[in-house]
Chemist: 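Handing you a structure now.
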Amino acid sequence: MCGIVGILGVKPVSQDLIDALRRLEYRGYDSAGIATVENGHLERRRAEGKLRNLEALVNDEPLKGLTGIGHTRWATHGKPTESNAHPHMSEKVSVVHNGIIENFRALRAALTAKGHVFHSDTDTEAVVHLITEELKAANDDPVAAVRAALGQLEGAFALGIVFAGHDDLMIAARSGSPLVIGHGDETMYLGSDAIALAPFTSEITYLDEGDMAVLRRSGAEIYDVSGARVERLAIKSQASSFLVDKGNHRHFMAKEIHEQPEVISHTLSHYIDMAEGRVDYPELGLDLADLSRITISACGTAYYAGLVGKYWIERYARVPVEIDVASELRYREAPLPKDGLALFISQSGETADTLAVLRYCKSQGQRIASIVNVRTSTIARESDVVLPTLAGPEIGVASTKAFTCQLAALAGLTLLLGRARGTISPELEQELVQGLLEVPRHMTEIMADEAQYERLAHDLSKARDVLYLGRGINYPLALEGALKLKEISYIHAEGYAAGELKHGPIALIDENVPVIVVAPEDELHDKTVSNVQEVAARGGQIILVSNGEEDAAGCDLMAHIKVPDAHPFTHPLLYAVPIQLIAYHTAVFMGTDVDQPRNLAKSVTVE
C-alpha cells in the first residue's frame, strides 16, 4: 500500500524524494508529501491526489534540506485530504508511516490530556506526539525517545522519522511492514521497497521484524526488538534502476496482459527441464511423498490462484487441500497435521494477513512454502521453500501476469507432487508438460483479436450487474473474472459455480444482466451448457468463453469469445486472458483509472 522513502544526503533531497516516490506509484495512493530538515527546523509540503500535484507545489515553494522523508498515502484513518497526508509533524519530529497503529485512540486521548493538539484524523499523528512527549523524558535524545515510543505502539507499522536540529539523523523502525536501507557514498537511504532506491544504490539491507535502525551519513546502526545491537546482511539489489514504462501500450495493465506469453515462458522454464520434458525443481527440498494435507492461504487474486491449485493438486496428486482466505484462516486457529505443508501465495510477499497466517502455521510445526514474485520479500524470507514467479514488476493494481505466473508455479508443484506420490506416470507427466509448453503460443493467439473485446465493452458498460459462471476448475476463473471487472470498471459483478445458479442467483437474471460463462469443452461442458440454457430461457444476455463452436450453446449469444483448443490441464492459464481483456476494455471504454482504481492498493500491508 503506502510508500516510504528517506534520504540523508549531501545535496538538497526534495527532487530525489519525489523521484523515488514516483517509483512507488504502482502501489496505489491518494496523497503525497515530503519533509526536510532545514537550518535546524522542519519544513513540509503535502498535496492531495497524484504526485504531480506535490511536484508542482515543491517547484513553487522549494525545499533545500539535505535530509528528508517522503510518503505516498493510501487512506485508512481519515479521508484523503492534505491535512491527513504524510509526513505528520510537530515542532521537533516528522514521521512517515505505513501500517496501522491499533491503539492510536488511547494514545491520542492520553496525549491530548497532556496538552498535545492534533491536526489530522490519522493514527500516525499519535506517533509524532508520542515521540515528542518522550523527547522530554529523554533529555532530547531522539534514539532513546523513539525506543521508548516503540514500546507503547500496538499494530503493524514501518516508520521513517527525522528531527529538528538533527541534520545527520534518521530513525527507521519495522514491525509487520517492510523497510529497506540503502547504502551510498556519504549518503543513506530508506524505502518501503527496494524499487524506490534502485536509481541511487544497489547495496541494500532489509530490516528484520522488530528492528530499529539509526541512520547517519556514515552508515547505519541496527537494533533488534530487545534493543541489542545486531548486524543485518547487506546484499545487492535486483531491482531495476530504470522506471518501468508502458512501452507502446496505453496502460500498464495492457502491457502486463501482453507480457504474459513471455513471463509464463520464463516461469515454466524455472520448473521444467525442456530437454527431458519433465518437471525439475531440485530446490524444493521437501519430502512430498508422505504429505497428509496441504493448507493454502492467500488474499484476493492470489486466493483464486490457490483455488485452482486445489483442483489441480487433489485431482492429479491426490493430496487433500485445505484453502481459505488469509484474513479468515488466521483467526480460525485451524488444527494442522504434524506432517502438513502450508503454502502461501502473494505477489508482493508482504501481504499482512498472509504473513500472519504463515507465522501461525510455522508455530504449529508446518513446513512453509511460498509462491511469490519478490524473492527478497518477508514471506519469502520466512519460508522453508520459495517457488518464485518470474513475472517481473507488476505495476497495475489489478493483477494479471502475476496471477498466471502463480498458476504456472502451481502447475509445476502439482506435477512434482504427482510424480513423488506415483499418481502421475512418466507418460502423463510428459503429456501435461507438453500442454504447458504450448500455453505461451495459445495466449498469443487469444490476444490477436482485441477488437472483439472493444465491441463487447460497449455493451457491458451499460450493465449495472454482471454474473460469471464456471464449473469445476473453471469456477475460480469465474470468481477472478468478476473480481477483475469490479476492480477496474466499478460494475458490480459476482462469480458463481454454475451448478449453484438455480440455488439463488437465477433470481437476478433478466435481459439487463449479462452472464459471462467460462465453458471449455471438457467433461463438465454439457452440464454448463444446461445452465446456459437456463439463463437464455429467462432473457439473460450470454457471453460464452469457450473453445467450442458458437452453436454448441444451443441458444443465441451476446458474444462468443473463442479460445484455442488446448490440453484441459492448461485451461485456467488460457481462460484467464479473455477475462482480463473483457475487464480491461470495459474499464477503458468507461474512462476509469485502469492502473490505479479507486480505493485499491497494490500491496496490502494492513489487515
Side-chain angles (χ1 to χ4, degrees), residues 1-2 25-31 48-50 72-76 79-81 246 249-257 299-304 325 327 347 394-403 450 452-470 476-496 505 508-518 540-543 545 558-559 561 576-604 606:
M1 46 171 298
C2 312
E25 285 191 290
Y26 73 95
R27 288 169 168 249
Y29 67 103
D30 43 45
S31 61
E48 295 179 38
K50 297 301 183 184
T72 49
R73 176 180 185 255
W74 184 73
T76 54
K79 295 179 179 180
T81 61
K246 301 183 184 77
H249 297 277
R250 184 173 175 183
H251 299 95
F252 281 113
M253 184 177 178
K255 177 175 180 281
E256 288 155 7
I257 289 172
C299 301
T301 287
Y303 169 75
Y304 298 144
V325 290
S327 57
Q347 188 280 139
E394 187 178 62
I395 307 303
V397 166
S399 183
T400 52
K401 64 176 181 174
F403 173 65
E450 287 201 55
Q452 62 181 324
Y453 300 99
E454 294 173 359
R455 293 191 296 270
L456 180 58
H458 290 215
D459 295 323
L460 279 180
S461 65
K462 303 170 187 174
R464 294 183 58 188
D465 304 279
V466 177
L467 296 184
Y468 285 72
L469 301 179
L477 272 295
L479 295 170
E480 170 64 5
L483 178 63
K484 281 290 161 286
L485 188 68
K486 70 180 99 176
E487 276 184 313
I488 61 172
S489 75
Y490 315 143
I491 295 172
H492 174 249
E494 297 296 335
Y496 287 95
L508 301 173
I509 303 298
D510 63 23
E511 64 275 7
N512 297 313
V513 179
V515 179
I516 299 174
V517 185
V518 182
Q541 301 298 303
I542 299 159
I543 300 161
V545 184
M558 178 179 177
I561 305 296
V577 178
I579 62 175
Q580 293 167 358
L581 289 170
I582 288 170
Y584 171 73
H585 284 286
T586 302
V588 169
F589 184 77
M590 296 181 72
T592 62
D593 191 341
V594 173
D595 288 330
Q596 296 178 18
R598 66 189 185 198
N599 305 333
L600 295 178
K602 185 63 181 172
S603 176
V604 182
V606 297

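Reckoned from all heavy atoms, side chains included, excluding hydrogens, waters and symmetry mates.
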Chemist: Between T592 (side chain) and S489 (backbone), is there a donor-acceptor pair under 3.5 Å?
Modeler: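 Not a single qualifying donor-acceptor pair exists.
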Chemist: Atom CD1 in I395, atom CG in D595: separation rounded to 0.5 Å?
Modeler: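 Reported value, rounded in 0.5 Å steps: 9.0 Å.
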Chemist: I need the minimum non-hydrogen distance between E450 and H585, along with the two atoms involved.
Modeler: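 That closest heavy-atom pairing would be OE1-NE2, 2.6 Å.
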Chemist: For H251 and Y584, take the angle between the two ring planes, folded into 0 to 90°, and tell me which bin it lands in: parallel under 30, tilted 30 to 60, perpendicular over 60.
Modeler: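 Aromatic pair H251/Y584 classed perpendicular.
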Chemist: Rounded to the nearest 0.5 Å, what's the gap from CD1 on I516 to CD1 on I579? Could you check?
Modeler: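 Taking CD1 in I516 and CD1 in I579, the distance rounds to 9.0 Å.
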Chemist: Under the side chain to side chain contact (heavy atoms under 4.5 Å, CB included) rule, what do H458 and F589 come out as? Steps first, then yes or no, please.
Modeler: CA-CA 7 Å; H458 290 215; F589 184 77; 3.4 Å; yes
Chemist: Can D593 and R598 be said to form a side chain to side chain contact (heavy atoms under 4.5 Å, CB included), step by step?
Modeler: CA-CA 8 Å; D593 191 341; R598 66 189 185 198; over 6 Å; no
Chemist: Atom CG of L460 and atom CD1 of I491: how far apart are they, to the nearest 0.5 Å?
Modeler: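 Nearest 0.5 Å value for the CG-CD1 distance: 6.0 Å.
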Chemist: If I compare all heavy atoms of A482 with all of A493, which pair ends up nearest, and what's the gap?
Modeler: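 Nearest heavy atoms, A482 then A493: O-CB, 3.7 Å.
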Chemist: Nearest 0.5 Å, what's the CZ-NE2 distance between R464 and H492?
Modeler: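 Result: 10.5 Å between the selected atoms.
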Chemist: Restricting to non-hydrogen atoms, name the atom on Q580 and the atom on M253 that form the minimum distance, rounded to 0.1 Å.
Modeler: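 The answer is O-CE, 4.2 Å.
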Chemist: Minimum heavy-atom separation for E394 and S399, please, with both atom names.
Modeler: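 Between these two residues, the closest heavy atoms are OE1-OG, 3.1 Å.
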Chemist: Can you confirm whether Y303 sits close enough to P476 that some side-chain heavy atom of one is under 4.5 Å from a side-chain heavy atom of the other?
Modeler: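 The answer is no; the side chains never approach within 4.5 Å.
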Chemist: So how far is it from L467 CG to L485 CG, rounded to the nearest 0.5 Å?
Modeler: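 Between L467 CG and L485 CG, I get 11.0 Å after rounding to 0.5 Å.
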Chemist: So which heavy atom on A587 is nearest to which on I488, and how close?
Modeler: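 Between these two residues, the closest heavy atoms are CB-O, 3.3 Å.
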Chemist: I'd like to know whether D30 forms a side chain to side chain contact (heavy atoms under 4.5 Å, CB included) with R73, so could you lay out the CA-CA distance, the side-chain angles of the two residues, the decisive distance to 0.1 Å, and finally the verdict.
Modeler: CA-CA 6 Å; D30 43 45; R73 176 180 185 255; 4.3 Å; yes
Chemist: Just to verify, what does D465 make a salt bridge (charged side-chain N to carboxylate O under 4.0 Å, His left out) with, not counting sequence neighbours?
Modeler: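 For D465, no residue satisfies salt bridge (charged side-chain N to carboxylate O under 4.0 Å, His left out) once neighbours in sequence are set aside.
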Chemist: Of the non-hydrogen atoms in R250 and V588, which two are nearest, and what is the gap between them?
Modeler: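 Heavy atoms of R250 and V588 come nearest at NH1-CG1, 3.2 Å.
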Chemist: Atom CG of L469 and atom CD of E494: how far apart are they, to the nearest 0.5 Å?
Modeler: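 Output value for this atom pair is 11.5 Å.
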Chemist: Given side chain to side chain contact (heavy atoms under 4.5 Å, CB included), test L477 with Y468 step by step and report yes or no.
Modeler: CA-CA 9 Å; L477 272 295; Y468 285 72; over 6 Å; no
